[in-house]
Enquirer: 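Have a look at this one.
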Amino acid sequence: GDSVTQMEGPVTLSEEAFLTINCTYTATGYPSLFWYVQYPGEGLQLLLKATKADDKGSNKGFEATYRKETTSFHLEKGSVQVSDSAVYFCALSDLGQKLVFGQGTRLTINP
Amino acid sequence: GAVVSQHPSWVICKSGTSVKIECRSLDFQATTMFWYRQFPKQSLMLMATSNEGSKATYEQGVEKDKFLINHASLTLSTLTVTSAHPEDSSFYICSAPGAFGANVLTFGAGSRLTVL
């Protein structure tokens, strides 16, 4: 079945560092890909998405490009802030609205 | 913006009791809602799809008699954990599509259940 594999956490960086969180997927069809973020004490929020190969999703300085050839959707940000500390989930949807999530990556940014 | 509200946000109960968790779409209608379960430091696992006015669709391995789902209106779905046991302790999260597009889900903040 469909699956998503994320980079193991936790990840700890200093403020203004470059961030990459790796995400790869397996799917039988042509899924849409998502990054969700969960801030402490809050629900999951959609961070960005891409619906087809070579699409780039971006939001709040974060970017991810849908790479069909490597089945990847890595999340990047050029300069992280303390407020980016959260748990990040990569996910795919290959059957309409059902989401398959990766295991989540906890990110901590130190000032 | 679209908001999905869950209640209670946390609950502690004794083993053998039943617990009901509510999921409400506050400013939009949701004919479908999804219930997820999240174990500590693990991913979200889809438990079931709640359908307004009809029976829920459960994922493989999820006991439908254990996790009762009712979707009585376009803004409310409930999950009842019946005869809860310590292994049912988990974080339960609901979500609903449609507010930002059909394939974008809005998530509730989750309900943490602890069974003693």
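Each chain gets a letter, A, B and so on, in the order its sequence line appears, and its residues count up from 1.
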Enquirer: Count I, L, V, M, F, W, Y as connected when their side-chain heavy atoms are under 4.5 Å apart, and connections chain through other members. Are A/Phe89 and A/Phe34 then in the same cluster?
Expert: yes

Enquirer: Which residues from residues 101-111 of chain A are near chain B, with near meaning under 4.5 Å between non-hydrogen atoms?
Expert: A/Phe101, A/Gly102, A/Gln103

Enquirer: With a 6.0 Å cut-off (strictly less than), is the heavy-atom count around CD of B/Glu87, excluding the residue itself, greater than 12?
Expert: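 Yes - once you tally the heavy atoms of other residues, nucleotides and ligands closer than 6.0 Å, there are more than 12.
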
Enquirer: Is B/Met45 atom CE crowded by more than 12 heavy atoms from other residues, nucleotides or ligands, each under 6.0 Å away?
Expert: no

Enquirer: Is atom CD of A/Glu15 surrounded by more than 12 heavy atoms (other residues, nucleotides or ligands) closer than 6.0 Å?
Expert: yes

Enquirer: State plainly whether one hydrophobic cluster holds both A/Val80 and A/Tyr39, where clusters connect Ile, Leu, Val, Met, Phe, Trp and Tyr through side-chain heavy atoms under 4.5 angstrom apart.
Expert: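 Yes.
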
Enquirer: Tell me, for B/Phe91 versus chain A, whether the close heavy atoms (under 4.5 Å) come from the side chain, the backbone, both or neither.
Expert: side chain

Enquirer: Measure B/Ser95 against the heavy atoms of chain A and call it side chain, backbone, both or neither at under 4.5 Å.
Expert: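 No part of it gets close to chain A.
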
Enquirer: Tell me, yes or no, whether the heavy-atom count around B/Lys66 atom NZ, taken from other residues, nucleotides or ligands under 6.0 Å, exceeds 12.
Expert: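 Enclosed.
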
Enquirer: Would the number of heavy atoms belonging to other residues, nucleotides or ligands and lying under 6.0 Å from OH of A/Tyr30 be above 12?
Expert: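 No.
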
Enquirer: Is B/Leu46 in contact with chain A via its backbone, its side chain, both, or neither, using a 4.5 Å heavy-atom distance?
Expert: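 The side chain, not the backbone.
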
Enquirer: Using heavy-atom distances under 4.5 Å, tell me whether A/Leu44 contacts chain B through its side chain, its backbone, both, or neither.
Expert: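 It is both, since atoms from each part get that close.
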
Enquirer: Give the minimum heavy-atom separation between B/Leu105 and A/Tyr36, together with the two atoms involved.
Expert: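 Closest pair (atom of B/Leu105, atom of A/Tyr36, distance): N-OH, 3.4 Å.
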
Enquirer: Tell me, which pairs form a ring-ring contact (aromatic ring centres under 6.0 Å, His included) where one or both residues lie in residues 45-64 of chain A, sequence neighbours left out?
Expert: A/Phe62-A/Tyr88

Enquirer: Side chain, backbone, both or neither: which part of A/Gln6 has a heavy atom under 4.5 Å from chain B?
Expert: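 When you check distances to chain B, no heavy atom of A/Gln6 falls under 4.5 Å.
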
Enquirer: Tell me whether B/Leu68 is reachable from B/Leu113 by hopping between hydrophobic residues (I, L, V, M, F, W, Y) whose side-chain heavy atoms are closer than 4.5 Å.
Expert: no

Enquirer: So B/Phe34 and A/Leu99, do their side chains get closer than 4.5 Å, heavy atoms only?
Expert: no

Enquirer: Do A/Leu46 and A/Leu75 belong to the same hydrophobic cluster, where Ile, Leu, Val, Met, Phe, Trp and Tyr are linked whenever their side-chain heavy atoms lie under 4.5 Å apart, directly or via other members?
Expert: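 Different clusters: A/Leu46 never reaches A/Leu75 through Ile, Leu, Val, Met, Phe, Trp or Tyr contacts under 4.5 Å.
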
Enquirer: Give, as side chain, backbone, both or neither, the part of B/Gln6 having an atom under 4.5 angstrom from any heavy atom of chain A.
Expert: neither

